[in-house]
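Being a predicted model, the structure only gives us computed values, none of them experimental. All ligand and atom numbering here is 1-based and tracks the order in the structure.
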Amino acid sequence: MRIDCPLCGSRDRREFYYQGAAVALARPAPDAGEAAWDDYLHLRDNPAGQTRELWHHEGGCSAWLVVTRDTVSHEISRVVLATDAREAGA
Ligand SMILES: [Zn+2]
């Protein structure tokens with residue numbers, strides 16, 4: 001798999017570190033209880049299909065990227081700098 005870094009161009013996936021889904025998790029209240037904290041810390045969705053993921057180009061420019069990828073086919077449809085994604089609200 002190759003990822004088109006907006007700053008470096010097309011690079012092998014092994015230059016990147018996968019951080020996880022590019023979604024904000026709702027942090028539970030300090031007294032929310034063990035089950036709520038267990039869910040927050042350990043349980044993640046594992047969808048089949050298009051997802052938005054956060055990747056770090058650790059073997060290149062050190063940029064954080066938001067990658068839109070199909071988890072079934074691994075086809076990447078969009079890559080943007082995380083700062084640009086935040087500013088655009090995307
Ligand atoms: Zn890069």
Q: Sequence neighbours left out, what pairs pass salt bridge (Lys or Arg N to Asp or Glu O under 4.0 Å) with at least one residue falling in residues 31-49?
A: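 Of all non-adjacent pairs touching residues 31-49, none passes salt bridge (Lys or Arg N to Asp or Glu O under 4.0 Å).
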
Q: Step by step, work out the side chain to side chain contact (heavy atoms under 4.5 Å, CB included) result for Trp55 and Cys5.
A: CA-CA 10 Å; Trp55 290 75; Cys5 174; over 6 Å; no

Nearest 0.5 Å, what's the [atom1]-[atom2] distance between [X] and [Y]?
{"X": "Met1", "Y": "Ile76", "atom1": "CE", "atom2": "CD1", "value": "4.5 Å"}
{"X": "Ser62", "Y": "Leu7", "atom1": "OG", "atom2": "CG", "value": "10.5 Å"}
{"X": "Arg27", "Y": "Trp37", "atom1": "CZ", "atom2": "CH2", "value": "4.0 Å"}

Q: Quick one: give me the number of protein N/O/S atoms under 2.8 Å from the Zn ion (ligand 1).
A: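 Protein heteroatoms (N, O, S) closer than 2.8 Å to the Zn ion (ligand 1) number 4.
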
Q) Stepwise, does the side chain to side chain contact (heavy atoms under 4.5 Å, CB included) test hold for Glu15 with His57? A) CA-CA 6 Å; Glu15 290 188 11; His57 195 183; 2.7 Å; yes

